[in-house]
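Atoms considered below: every heavy atom in the structure, side chains included; atoms not considered: hydrogens, waters and symmetry mates.
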Amino acid sequence: HLTQSQTSGTQRFSEENQQNNKHRCKTSPDCLTSFNFDLQFFRFATCRDVLLMVTGGFCALVHGAASPLMLLVYGMMTDTFVAYELEQQELKDTRKICTNGTISWRNGSVYETSENSTVVCGSVCGKGDLSVNTNGYISFGIAFWVTAAAHQVQQIRKTYFRKVMRMEIGWFDCNSVGELNTRISDDINKINNAIADQVSIFIERISTFCFGFMVGFMGSWKLTLVVIAVSPLIGLGAGLMFVAKLTGQELKAYAKAGAVADEVLSAIRTVAAFGGEKKEVERYDQNLVEAQNWGIRKGAIMGLFQGYLWCIIFLCYALAFWYGSKLVIEDRELSAGGLIQVFFGVLFAAMNLGQASPCLEAFASGRGAAKLIFETIDRQPEIDCLSEEGYKLDKVKGDIEFHNITFYYPSRPEVKILDQINMVIETGKTTAFVGPSGTGKSTALQLIQRFYEPQEGTVTLDGHDIRGLNIRWLRSLIGIVEQEPVLFATTIAENIQYGREDATMEEIIQAAKEANAYNFIMDLPEKFDTLVGKGGSQMSGGQKQRIAIARALLRNPRILLLDMATSALDNKSEALVQDALNKVRSGRTTISIAHRLSTIRNADVIIGFDHGQAVERGTHDQLLKKKGVYFTLVTLQNEGGTAMLDKTSQTNVLFYSLCRNSIRARSRSQLSNIFPATISGNTDTSFIDNTKTKSSADEEKEHPASVIRILKYNSPEWLYMLFGTLAAAANGAVNPVYAILFSQILGTFSIPNLDEQTRQINGICVLFTVVAGMSFVTQFLQGYTFGKSGELLTRRLRKMGFQAMMNQEVSWFDDPKNCPGALTTRLATDASQVQGATGTQIGMIVNSLTNVGASIIIAFYFSWKLSLLVLCFLPLIGLSGAFQAKMLTGFANQDKEALEAAGQVSSEALNNIRTIAGLAKEDSFVQLYEQQLELPYKAATKKAKVYGVFFAFAKCVIFMAYAASFRLGGFLVSSEGIHYSVVFRVISAIVISGTALGRASSFTPDYAKAKVAAAQLFKLFDRIPKISLQSDQGEVWDSFRGELEFINCKFTYPTRPDVQILRGLQISVKPGQTLAFVGSSGCGKSTSIQLLERFYDPEEGQVLIDGYSSKDINVSFLRSKIGIVSQEPVLFDSSIAENIKYGDNTRDVSMEEVVDAARKAYLHDFVMALPNKYETHVGSQGSQLSRGEKQRIAIARAIVRNPKILLLDEATSALDTESEKIVQAALDEARQGRTCIVIAHRLSTIQNADVIAVMSQGVIIEKGTHEELMGRRGAYYNLVTSGAPLS
C-alpha cells in the first residue's frame, strides 16, 4: 500500500519540479542530471553547524534503521501468534496438557506429531507491547539539520545582498530588480530546501534501504534473492522516462501555442486594426490540439504504467508468499514470522530507495539556484562602490571635462548613446543641457557620478581622471535632484539626513530652510518626524522635490546636478523650488537638464545635444541666432504656449515635458514593453509601483471559484469521468482486499494439516494474481479517462481565455498586469492548474473515500473492539500523513512571512539603487537588511524545534498505534479466543485507511490552487469590455464616404491619468482629402489616430465619421473601413502572402488580389526575385526582411483591405533615402480617392496635403495648406525655414 501512495506522490513531485526547474536548466544544464551532493552548499557552515549536521546525520541513520529492525520484533510476534494458535488447537483435545513448555499426554508421555516432533506451548499473547518510543527522540535529529541550515542561509542572504549592493549600475541594467528580489527569496529558499530537512530525510531513507536488505538476508537469503530478482520489473518504471519525453512533447506543443499567443498579444493593435481576432483564436486553438493529443497520450501511458506497476507488485506478493510458504512448509528453512520479516524488509528497502528521489530533486533544484547565487557572490564588480581604494583630492574646484567620450549602455550595446563627445563644464557656472529625448543628456550626468565607465575617453574632475578617485568620496561631492526624487519610507528628518549621516538637527533645519521646505514641514502635525510613506507617497510633488533639494544641500556639494528638477511641478510649487535652486547655485558647479524656459535663460552656458554629441554651445541669445536644436525646441514651446493660453489658465507652459525621460525608461527596461509606443512622457514609476501593489492585492483577495462551475466546463466529458470514477472506486477497494488476503495467508500457517495449508496458500496467491489483473485494467482506465477529460478541459479553458483576451478593448492591454508576458503565463498556468479540481483530483478523492470506507467496514465486521482502539489513532495517523505531505513541499515556505520586512528593505534598496548609489548609502542599507534578518533567523531556529517535535511525533505515532493495537489484540486472542489473523486484518485495514486519508490531504493545496486559478479565469470570462467587438449593435451604413471630424476631444491614457494628451482637439477632413499632423513627440498625433480606430474613446468631445459619433458605430464595421501603415509595421511569423491576406480577415482573399496589391505597393518585383516567391517566410516580426520591404508588405496589406480611410503613422521615417522614394511612391498611389491622415516626418511627405495641422500639447495651434501656413510665418514657417525636423 505504501508504495502506491508514494508512487503517485513521487510522480507528482517530479512533474512539478520539472516545471519549476525548466528555466534553471537553461543556465545550468547539468543541474538536473548530476546528483552528486555538492560541498559548495556548505561553504558558509561554521564548526557549530558542522557538529549539528553530523549529529543530525547520525540520528537520521539510526532512525532509518528503526523500521527494518522493528520487523525482527514483528516477525517474532507473528511466530508467537502462530505458536499460540497451534497450541490452542492441540489443547482442545482434553487428553493433552501443557507441562514444562511442551504438550504431553495426561498420562505423562510426551505428545509427538506425525513428523515425530514435539509441540511447544506456553506462548503468551497478552504481552505484545513494543517499547519503541525512543524512536521519537531520534527523529528529533531533523531539527539539527534545520537549525544548521537556518544559520547558513542567513549568512548566504547577508553575503549575497552585500555583494549585490556593491555592483555597478550597469549590472542592474542587465539584471531586472524583480529577478534579483526573486533570487533573494525563492532561490535562497531552494538552497535552504536542499541543505535542511531534505538531507536528513535522504540519509534516513538510504539507511532504511540498507538495513531493509540486511534484515532480509538475515532472515532468508533465498527468498531475499527471489524478491530482488523481480524488483527490476518494478524498475521498468523506466517507462516513466518515456512519459517524461511525452511531457517534453506536450510542453513543446504548448510552447508553440504560447508563442502564437505572445506574438498576437504583443501585436494586439495590429490584430485589432485588421479585425484578426477570430483568425488568431483559431490559429491558437490549432496549436492546442497537438498539445492536447500529447497530453491524452501521456494520461494513457501514465495509466498503463501505474497499472503495470501495481500488477507487478501484486504478482510479486503472489510469488513471494508462494515461494516463502514452500520454504516454511516443505523446507522448514523459515518460520511464518521470518517470511514476514524478509518480505517486508526487502519491500521497505525498495520503497525507500524510490522515496529518496524527491530529495534528489530538491538537491538538484538547490544546486541550480546555488550556482546563480554563488556566481553573483564570486563576481567582482567593475565599479566597486564600497571600495576604499582611490585617492581623495585636498582641494576641489569643480571643473569637469569630457574628452572624446563614447558610451553605450551595457544592456543595449548596439545603441551608441554618446559619440566622441567633448565638453567643458566650468566651476561656479550654471550649465544647461538641452536636446531631444535619447540624445545623452542624463547619461552625461551619470558618467559624472561614475555610475558607468565610458567605452572610450575620460571624464576628469579638476584635471584628474575620475576613475582614479575614491568613488564614495567622489559621490559625496555631488548633490543630485531628479525629476522624480526618491524618498525612503521613513521620516522627513531621516530622509534629509541621508545627505550626510553625521549632520545635526540644526544643520537639517538649515538645509530645509535653504530648500524652501521649512515652512511646510513645520505646518505638519509631526513636523520633521512626519513619515513620508513608501516612495514619498504621502507628500505632494513640490514637497518631495524640496525635501530632495534639502538632502542634496545638506552635503554642501561642490557639484550640483539638476535633472529636470521642476518639470513635474505645478506653477506655484515650481516658483518655490526654482527660488530655492537659484539661492543655492552660487559658488557651485551646477549642471541643469533643461525643463522650462525660465531655467534656461538664467544659465551661464547652454549646451545643445543631438545624436550623442554636443552640437552647439552658447547663451540663450547666441543659440537662438544659430537656429539649431535649441531654436526648434523654443519655437515649438512658444507657439504651444500661445494656443494653450486660450485653452487653460496655465501661464507657464511645460517645455518639452512630454519627451520621454529616456534614462528612466532605460533603467527600468523591464517596463518598456508594458506601455504602448504611443505614450510618450516620463515613466511614472510611482504609478507602476502602485499598480503592482494593487494587482498583487487583487490577486490575494481573489475568492476561489465554485467547483460546480468548474465542473460545468467539463460537462461534455461526463462519460469519461463516469468510467474514471468507477475505475477509481475499484482501485480504492484494492488495498482493503490486500489487507484481507495478507491476514489470510498469515492465518493459514496455523492450520495443522500441511496439505490444506498449501492448498489455501495457493488459492490466495491465485487471488493476488486476479487482483493484479484488475489493478492493471482499472489503473489504466482511471489514468486514461481522467487524463483525457482534464486535457480537453485545459484546451477548452485556454481557448476561452485567449478568446476573452482578444475581445477586450485595447486600453485593457495597457495595464502593466496585462502585458503579453503576464497574459501568456496566465493562459499557460491557470488553465492547467484548474485540473487540480477536476480530472485526476476527482479520481484521487474517490479512490481515498472508497479505500477508507471499505477498510472501516472490514475492520468493524471482524472485531469492533480492536477497530475502536485503532480508530483512536486514526486521526493521529491521518495528521502524520498530512505532516509528511507538508514536509515534502519544504520547510522554507513558512519563512516567507517572517522575511517580509527584510524583503521590503531589499526591494526598496534595489528599486532605488541609483538614488542610493548617488548618496553613497549602500552600507546603511546593508546594515539595515542584516538587522531585519535577525528576527526571521530566531523564528527559524524556534520553528526547527517545533518541526523536530512534530516530525518525531509523526514517526512515533505509527509505532505507538502498533504497540497498543497488538497489546489489545494479544489480550483478545488469549481471553476472547478470536483468531490472530483477525488482529492483523483489522490493524492492516485501518492503518491503510489512515494513510489514504493522509494522501488525500496532501492534494488539498492543488485543489485550493485550482479554485483560485479558476476564479482568475472566470473573472476574465465575465469581464465586459468597454469597447465590445462581439456586439452586433451600432450603426452600419452602405455609402461610407470617409468624412472625419474631431470635436473638442480631450483624452488621457487610463494608465497615465496624470498626463493629459489631448486638450481639446478640433479639426475636420472632407472625403478624399489628406490631413497631415505635425508636432513634437508626445503632442497627441498618434493618439488621435487611435481614437479614430476606436482603440480608445475620448473623455470629452467626440469623433464623427460621416456625421455619426464613433461611440455609436459598430466597431468591426468601422475598423473594416480603415487601413493603417505605421512606422514600425508588425508582420506575423508566416509567409508574405499570408501577411498580405491579413489585410482582410472577413473573407478568403484570392492570390490575384494579393498580387494586385503587391504591384500597387511596388512590392511584386522584389517578391518574384525570391526563391519561394509569395510563400517566403518573413520570420519572427519580419526579421528576415529589410525595413523598406516590411513597409511595402504593410502597404499591400492595407490596400487589400480596400479601405475608405488610410492612416499613415510616420510610414517612411525609418527608411533610407532610396527605400523612402519607393515607399513614398507606393503611398501616393494608395492615397488616391481615399481620406488619408498622415503623421508627418519629412517635408516631401506633407507639402501636397490638403490640410496641414501643427499640434502642440494636445491642441491644434495652426492649420491650413503648405502655402497658407508659410504665408502666416508662424510655427510651421519657423520649422520649415530653420530646416529643423518636424517631429
For [X], side chain to side chain contact (heavy atoms under 4.5 Å, CB included) partners two or more places apart:
| X | result |
| --- | --- |
| T431 | I425, F433, V605, I607 |
| E514 | Q510, L553, V584 |
| L1075 | I1067, V1069, F1077, I1237, V1251, A1253 |
| A552 | V481, L560 |

Hey, what do you get for [atom1] ([X]) to [atom2] ([Y]), rounding to the nearest 0.5 Å?
| X | Y | atom1 | atom2 | result |
| --- | --- | --- | --- | --- |
| I448 | T443 | CD1 | OG1 | 11.0 Å |
| T915 | Y498 | OG1 | OH | 11.5 Å |
| L1269 | E1262 | CG | CD | 5.5 Å |
| I1239 | M1255 | CD1 | CE | 8.5 Å |
| M522 | I509 | CE | CD1 | 7.0 Å |
| R472 | L474 | CZ | CG | 12.5 Å |

Side chain to side chain donor-acceptor pair (under 3.5 Å) partners of [X], counting only residues at least two apart:
| X | answer |
| --- | --- |
| N470 | none |
| R558 | none |
| K429 | E426 |
| N404 | N422 |

If we ignore angles and hydrogens, is there a donor and acceptor under 3.5 Å between the side chains of [X] and [Y]?
| X | Y | result |
| --- | --- | --- |
| T1087 | Y1053 | yes |
| Q497 | R551 | no |
| T1052 | Q1060 | no |

Query raised in the report: Step by step, would you call E456 with I405 a side chain to side chain contact (heavy atoms under 4.5 Å, CB included)?
Result: CA-CA 5 Å; E456 289 176 30; I405 293 288; over 6 Å; no

By salt bridge (charged side-chain N to carboxylate O under 4.0 Å, His left out) - contacts of [X] (at least two apart):
| X | result |
| --- | --- |
| E168 | R379 |
| D604 | none |
| R588 | none |

Report summary line: Paired with I466, the side chain to side chain contact (heavy atoms under 4.5 Å, CB included) test is passed by just one of V459, I400, I471, T460, namely V459

[Y] and [X], any side-chain heavy atoms less than 4.5 Å apart:
| X | Y | answer |
| --- | --- | --- |
| I478 | P557 | no |
| S442 | D563 | yes |
| I492 | I547 | yes |
| I593 | L445 | yes |
| I421 | F609 | yes |
| E401 | H403 | yes |

Report task. Could you walk me through whether L1062 and K1050 pass the side chain to side chain contact (heavy atoms under 4.5 Å, CB included) test, one step at a time? Result -> CA-CA 5 Å; L1062 298 181; K1050 293 185 181 175; 5.6 Å; no

Query raised in the report: In this structure, are over 12 heavy atoms from other groups packed under 6.0 Å from D394 atom CG?
Result: no

Requested in this report: Evaluate side chain to side chain contact (heavy atoms under 4.5 Å, CB included) for L562 paired with I591, printing each intermediate quantity in order.
Outcome: CA-CA 6 Å; L562 307 173; I591 302 174; over 6 Å; no

**Report entry** R500 side-chain N/O to N556 backbone N/O, donor-acceptor pair under 3.5 Å
**Finding:** no

Query - Under 3.5 Å donor-acceptor, D419 side chain and Q613 backbone - result: no

Query raised in the report: Yes or no on side chain to side chain contact (heavy atoms under 4.5 Å, CB included) for H1266 and I1252, after CA distance, side-chain angles and deciding distance?
Result: CA-CA 7 Å; H1266 174 71; I1252 297 171; 4.0 Å; yes

Query raised in the report: Taking only residues two or more places apart in sequence or in another chain, which ones pass ring-ring contact (aromatic ring centres under 6.0 Å, His included) with F402?
Result: none

